[in-house]
Amino acid sequence: MARVGVEQSLSAIQQALQEKGHEIVQLQQQGDEDGCDCCVISGQDQNVMGMQDTQQQGSVINAHGMSADEVCQQVEQRTQQQ
C-alpha cells in the first residue's frame, strides 16, 4: 500500500485511506511529505503567493470538491502508475 501525506483538515479522507490499508502522514510543515508516494491537499491555500517551486516528488491530489471515495480512487490510480 502507499504512503500518503494528507493535510490535517481532511480527517474523513485520512480515515478512508487508512481503512484501505494506506499509511498516512499528516502534513503539518514543510518536509512532512518526504518519502510519501503522493499527497492530498484541501486546495484552500493553493499557491497563495504565486510561487511555482515544489518539493514533492510524487503526485499531489487536490481534494477540493471530491468525496473521500474519489480521493481514494485517485491515490490508487496514481500510485499504480509509479
Side-chain angles (χ1 to χ4, degrees):
M1 289 283 116
R3 181 179 166 103
V4 184
V6 182
E7 279 188 10
Q8 279 185 298
S9 62
L10 301 173
S11 57
I13 291 171
Q14 288 179 25
Q15 184 175 358
L17 289 166
Q18 282 178 322
E19 288 173 3
K20 294 197 178 280
H22 297 290
E23 179 184 350
I24 303 302
V25 176
Q26 285 198 358
L27 301 177
Q28 299 174 344
Q29 59 189 4
Q30 188 172 356
D32 287 345
E33 73 282 354
D34 292 345
C36 291
D37 297 309
C38 67
C39 292
V40 180
I41 62 170
S42 65
Q44 293 177 350
D45 58 356
Q46 180 180 357
N47 202 13
V48 173
M49 297 182 67
M51 299 173 77
Q52 296 288 328
D53 59 334
T54 61
Q55 300 295 320
Q56 171 62 15
Q57 297 297 317
S59 295
V60 176
I61 299 168
N62 183 342
H64 183 75
M66 296 173 71
S67 70
D69 287 336
E70 290 171 326
V71 172
C72 289
Q73 289 174 355
Q74 286 289 315
V75 167
E76 290 168 8
Q77 286 175 357
R78 293 183 188 200
T79 55
Q80 288 174 359
Q81 293 173 357
Q82 293 179 354

Peer 1: State, to 0.1 Å, how close Gln14 and Val6 come at their nearest heavy-atom pair, and which atoms those are.
Peer 2: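 Minimum heavy-atom contact is CG-CG1, 3.4 Å.
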
Peer 1: Can you tell me how far apart CG (Asp34) and CZ (Arg3) are? Round to the nearest 0.5 Å.
Peer 2: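 Result: 9.0 Å between the selected atoms.
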
Peer 1: Which atom names give the shortest non-hydrogen contact between His64 and Ser42, and what distance separates them?
Peer 2: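 His64 and Ser42 have their closest heavy atoms at CB-O, 3.4 Å.
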
Peer 1: Look at the side-chain heavy atoms of Ile, Leu, Val, Met, Phe, Trp and Tyr, link any pair under 4.5 Å apart, and say whether Val71 and Ile41 land in one connected group.
Peer 2: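 Not linked; separate clusters.
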
Peer 1: More than 12 heavy atoms of other residues, nucleotides or ligands under 6.0 Å from CD of Gln15: is that the case?
Peer 2: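 No.
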
Peer 1: To check you understand the geometry: which heavy-atom pair defines the closest contact between Val4 and Val40, and what is its length?
Peer 2: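 What the structure gives for the nearest pair is CG1-CG2, 3.9 Å.
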
Peer 1: How long is the gap from SG on Cys38 to CD on Glu33, to the nearest 0.5 Å?
Peer 2: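 Cys38 atom SG to Glu33 atom CD measures 12.5 Å (nearest 0.5 Å).
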
Peer 1: Distance from Gln74 atom CD to Glu76 atom CD, nearest 0.5 Å?
Peer 2: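 Rounded to the nearest 0.5 Å, the CD-CD separation comes to 10.5 Å.
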
Peer 1: Would a 4.5 Å heavy-atom cut-off, applied to side chains only, mark Glu23 and Met1 as touching?
Peer 2: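 With C-beta onward as the side chain, the pair stays apart.
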
Peer 1: Heavy atoms only: give me the nearest His22-Ala2 pair and the separation to one decimal.
Peer 2: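 Smallest interatomic distance, heavy atoms only, reads ND1-N, 3.2 Å.
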
Peer 1: I'd like to know if the side chain of Arg78 and the backbone of Asp37 have a donor-acceptor N/O pair within less than 3.5 Å.
Peer 2: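 A pair under 3.5 Å: no.
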
Peer 1: Measuring from Ser9:OG to Gln26:CD, what's the distance to the nearest 0.5 Å?
Peer 2: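 Nearest 0.5 Å value for the OG-CD distance: 10.0 Å.
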
Peer 1: Which heavy atom of Leu17 sits nearest a heavy atom of Ile24, and at what distance?
Peer 2: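 What the structure gives for the nearest pair is CB-CD1, 3.5 Å.
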
Peer 1: According to a 4.5 Å side-chain heavy-atom criterion applied to Ile, Leu, Val, Met, Phe, Trp and Tyr, with indirect links allowed, do Ile61 and Leu27 form part of one hydrophobic cluster?
Peer 2: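 Hydrophobic grouping puts Ile61 apart from Leu27.
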
Peer 1: Looking only at non-hydrogen atoms, find the nearest pair between Ala12 and Ala68 and report the distance.
Peer 2: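 Answer, listing the atom of Ala12 first, then Ala68: O-CB, 4.2 Å.
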
